[in-house]
Chemist: 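Sharing a structure, written as structure tokens. Questions coming.
Please read these numbers as outputs of a predicted model, since none were measured by experiment. All values below were derived from every heavy atom in this structure, side-chain atoms included, with hydrogens, water molecules and symmetry-related copies excluded. In what follows, every chain begins at residue 1, and chains take the letters A, B, ... in the order their sequences are listed.
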There are 2 protein chains.
Amino acid sequence: MSRGKRLTIREVAAAAGVSAQTVSRVLNNRPDVAPETAQRVQQIISETGYAPNMLARGLTQGRSHVLGVVAYGLDYFGPSRVLTAIERQAAEFGYAIMLNLILDPAMGDVDGLIDSLCARQVDGIIWAIPEMGANRAWLANWINELPVPVILVGGMEGRPDVPSIAIDNVQIGRLATDHLISGGAKHVGIITGPATWWEAEQRLVGWRASLQAHGREVEESLVIEGDWSVSSGEESLYRMVDRCPEIDALFACNDQMALGVLHAAHAIGKRVPEDLSVVGVDNIAEASHFWPPLTTVDQPLGNSGELAVKEIVQLIKKSRQARRPVDAVPEMTLLKARLIVRESSRPVPAPDSRAAESNEASFQRTVLEARPI
Amino acid sequence: MSRGKRLTIREVAAAAGVSAQTVSRVLNNRPDVAPETAQRVQQIISETGYAPNMLARGLTQGRSHVLGVVAYGLDYFGPSRVLTAIERQAAEFGYAIMLNLILDPAMGDVDGLIDSLCARQVDGIIWAIPEMGANRAWLANWINELPVPVILVGGMEGRPDVPSIAIDNVQIGRLATDHLISGGAKHVGIITGPATWWEAEQRLVGWRASLQAHGREVEESLVIEGDWSVSSGEESLYRMVDRCPEIDALFACNDQMALGVLHAAHAIGKRVPEDLSVVGVDNIAEASHFWPPLTTVDQPLGNSGELAVKEIVQLIKKSRQARRPVDAVPEMTLLKARLIVRESSRPVPAPDSRAAESNEASFQRTVLEARPI
DNA sequence: CTGAAAGCGCTTACAG
DNA sequence: CTGAAAGCGCTTACAG
């Protein structure tokens with residue numbers, strides 16, 4: 001309970017009849033204080049509710065115990081989950097979060113943002129902006145020049161020039177498509193996210209890989225670009241049916257677009273899943289209440305946020321021990337997603353060994369080595 | 001671009017051949033610097049990418065230019081919109097955001113949180129936790145003892161013991177219910193949010209007020225408590241129909257529950273809106289793609305976040321001028337919501353003057369005076 | 001085990 | 001218009 005005027009360490013020291021020094025020792029749990037002295041000081045501290053000024057502490061210690069977090073699109077499902085996990089894990093480690101939201105993930109002012117975070121003396125930066133186009137090029141080039149460690153959340157598999165925690169989006173595409181094929185689908189279409197998003201791109205790669213693994217022809221006409229919204233899913237199904245009336249399975253790269261597909265299917269009299277199997281991604285709270293309940297891919301978003309914090313805390317520790325910014329070890333931790341089968345997709349007749357295997361392997365951690373770009 | 005080792009103001013001063021003092025003047029745009037001197041210093045600053053250490057600046061100025069934000073439930077629609085707006089508006093004012101997410105809005109450790117924020121020397125606190133039970137009592141009692149100004153976002157109308165920005169939830173309930181009655185409904189049910197949430201409570205008050213204003217009997221059996229989730233909406237409709245088979249209109253206190261109602265209605269063969277009119281709250285992105293598209297109430301969430309920042313910045317300014325924490329002026333700014341009519345509700349035959357009026361009045365600002373509790 | 005001194009990187013008066 | 005001094009509230013060596 002901190003009320004009224006702020007106390008300083010000197011005032012506490014005076015009240016306890018010791019030096020500021022000694023109060024500092026007690027505050028920092030140093031062993032070299034006489035038990036009675038420590039107790040007396042503790043007493044005063046809890047009586048007065050004194051709490052040390054973290055600005056001053058930060059200045060002397062050269063660390064703020066603050067993590068900079070740069071994020072985008074809290075209105076989306078993924079980013080809000082990741083941020084929530086980051087905050088919780090950071091709090092557990094005693095770090096506060098300084099939040100910067102950006103309006104446009106493709107924007108150029110990356111360095112301005114980083115500068116401002118550094119000026120505020122954050123101990124590390126978690127960069128949780130979806131990878132789009134070349135919006136990470138700057139970061140990759142400059143990372144070793146920055147005064148603080150940086151870690152990325154999300155991003156493209158196999159390009160780990162910056163330490164990062166990502167979800168295996170290729171696997172997501174494969175998981176969904178394998179399932180649809182196993183359910184007997186002849187023509188599996190895909191509604192992707194915006195082509196600029198690497199996550200969307202990678203899911204498409206997974207779709208292709210799955211078709212090829214099953215010896216299917218990859219029909220490019222069955223690829224339609226959506227924008228993550230319900231309406232884009234809706235429109236995409238209409239276009240898809242125009243292009244290929246025999247379409248009998250669809251992988252929508254998020255649940256909102258899948259919802260649009262369900263509506264459109266209903267509108268044109270296609271039964272789900274009898275005539276059309278549908279799989280989404282995200283497992284939003286509503287997904288199990290769609291009509292029919294949606295088969296979807298559940299991503300370990302919370303885990304990725306937690307891991308990002310754990311990693312950055314490690315990096316911070318290393319930098320401090322080395323007494324200088326340590327070179328970034330460019331490794332990527334890749335997390336696996338898992339399929340959740342509901343009623344929007346035709347059941348798999350034989351036990352689907354691939355899907356089962358992937359399910360077991362969910363939340364598995366893979367570290368990729370760096371490789372030159 | 002801040003790379004490598006950090007510069008200090010002394011180094012910049014040395015490079016420019018002036019005192020640290022003068023560099024400080026340039027940094028703070030003070031008028032009393034010779035133009036050529038200023039220019040030379042500026043030059044060095046941009047060449048080196050020097051940025052002053054905000055911790056040090058904060059320590060000397062007694063202000064951090066950081067706003068503490070305490071929020072809950074980023075997974076929900078409202079909170080994430082409010083937070084986004086807060087961040088943007090704060091950035092515009094040159095404030096950084098220190099984010100604290102809480103797990104349980106009813107939790108008791110309010111003062112621990114506030115203390116930690118104060119220890120970090122935030123200049124003000126935005127408290128964006130939904131009002132539940134007595135979770136604001138502590139704040140209301142202690143607000144004038146805190147070393148920094150606090151402002152609440154959300155909360156109950158008519159109990160403005162702490163400065164707050166809120167949305168008129170009574171009006172929301174009235175707006176929805178008026179619309180349903182005007183559409184010819186005989187029996188208007190309500191699915192509320194959890195009874196502990198004041199927002200839910202207030203919407204229920206609005207429902208009652210509307211019924212009474214129309215000379216209708218208030219049937220308490222038509223009140224069912226939901227938990228904001230789709231499934232609770234679904235189950236609630238079944239229970240509602242059991243209780244009152246003639247039910248022909250339903251106000252679901254958020255869009256997710258309204259979605260559940262739509263599904264349940266479909267399942268039991270009730271046509272929407274012919275047999276059952278449905279209105280939700282929030283206007284989530286999916287609402288216009290529900291089947292049928294959902295009539296709902298749109299809240300000015302972004303506005304409330306922006307206003308909160310503007311107000312807290314004012315309060316900070318006042319406190320600084322007074323050179324001490326200023327007593328909180330307990331006034332509440334109440335924002336109006338607006339109805340969005342779509343196809344889930346039966347059309348209003350005569351022009352609905354009430355709804356129209358409310359629409360015009362949307363986003364209107366009302367300041368209530370304090371009154372003793 | 002404890003304290004006096006110096007310093008973290010700035011800014012605020014105070015001189016000139 | 002400019003600089004030397006003092007101080008913001010802590011902690012880090014350094015003595016004792």
Chemist: Does A/Y50 put a side-chain nitrogen or oxygen below 4.0 Å from OP1 or OP2 of D/dC10?
Modeler: yes

Chemist: Taking only the side-chain heavy atoms of A/A34 (C-beta and beyond), determine which of C/dG3, C/dT2, C/dC10 contains the nearest atom.
Modeler: C/dT2

Chemist: Mapping B/A56 and B/A38 to their closest nucleotides on DNA chain D, which lands nearer the 5' end?
Modeler: B/A38

Chemist: To the nearest Å, how far apart are B/L27 CG and C/dT11 P?
Modeler: 6 Å

Chemist: Without hydrogens or angle criteria, can the side chains of A/Q39 and A/Q43 be said to hold a donor-acceptor pair below 3.5 Å?
Modeler: no

Chemist: Are the side chain of A/N28 and the backbone of A/R30 linked by a donor-acceptor contact shorter than 3.5 Å?
Modeler: no

Chemist: Checking base pairs now: Watson-Crick or wobble, both atom distances under 3.5 Å. What partners C/dA13?
Modeler: none

Chemist: Given atom CE of A/M54 and atom C1' of D/dC10, what is their separation to the nearest angstrom?
Modeler: 11 Å

Chemist: Report the distance from atom CD of A/E11 to atom C1' of D/dG9, rounded to the nearest whole Å.
Modeler: 11 Å

Chemist: In whole angstrom, give the distance that lies between atom CG of A/D32 and atom C1' of D/dA13.
Modeler: 13 Å

Chemist: Given C/dT11, is OP1 or OP2 found less than 4.0 Å from the side-chain N or O atoms of B/S24?
Modeler: yes

Chemist: Verify, without hydrogens or angle tests, whether B/D123 (side chain) and B/S64 (backbone) share a donor-acceptor contact under 3.5 angstrom.
Modeler: yes

Chemist: B/P52 or B/R25: which one's nearest nucleotide on DNA chain C is closer to the 5' end?
Modeler: B/P52

Chemist: Side-chain N or O of B/R30 less than 4.0 angstrom from OP1 or OP2 on C/dT12?
Modeler: yes

Chemist: Any side-chain N or O of A/T60 under 4.0 Å from OP1/OP2 of D/dG9?
Modeler: no

Chemist: Round to the nearest Å and state the distance from B/R320 atom CZ to C/dT11 atom P.
Modeler: 13 Å

Chemist: What is the distance, rounded to the nearest whole Å, between atom CZ of A/R10 and atom P of D/dC10?
Modeler: 10 Å

Chemist: Between atom CZ in A/R57 and atom P in D/dT12, what is the gap in whole Å?
Modeler: 9 Å

Chemist: Of the options D/dC10, C/dG3, C/dC8, whose atoms approach the side-chain atoms of A/L59 most closely?
Modeler: C/dC8

Chemist: At less than 4.0 Å, is any side-chain N or O atom of A/T8 found next to OP1 or OP2 of D/dC8? Yes or no.
Modeler: no

Chemist: Do B/H65 and A/R120 make a side-chain contact, defined as non-hydrogen atoms from C-beta onward lying under 4.5 Å apart?
Modeler: yes

Chemist: Can you name the closest pair of heavy atoms from B/G62 and B/R320 and give their distance?
Modeler: O-NH1, 3.6 Å

Chemist: Has B/T37 got a side-chain N or O lying under 4.0 Å from the OP1 or OP2 atom of D/dT2?
Modeler: yes

Chemist: Check whether any side-chain nitrogen or oxygen of A/N53 sits under 4.0 Å from OP1 or OP2 of D/dC8, and answer yes or no.
Modeler: no

Chemist: For the pair made of CZ in B/R40 and C1' in D/dT2, what is the distance, rounded to whole Å?
Modeler: 12 Å

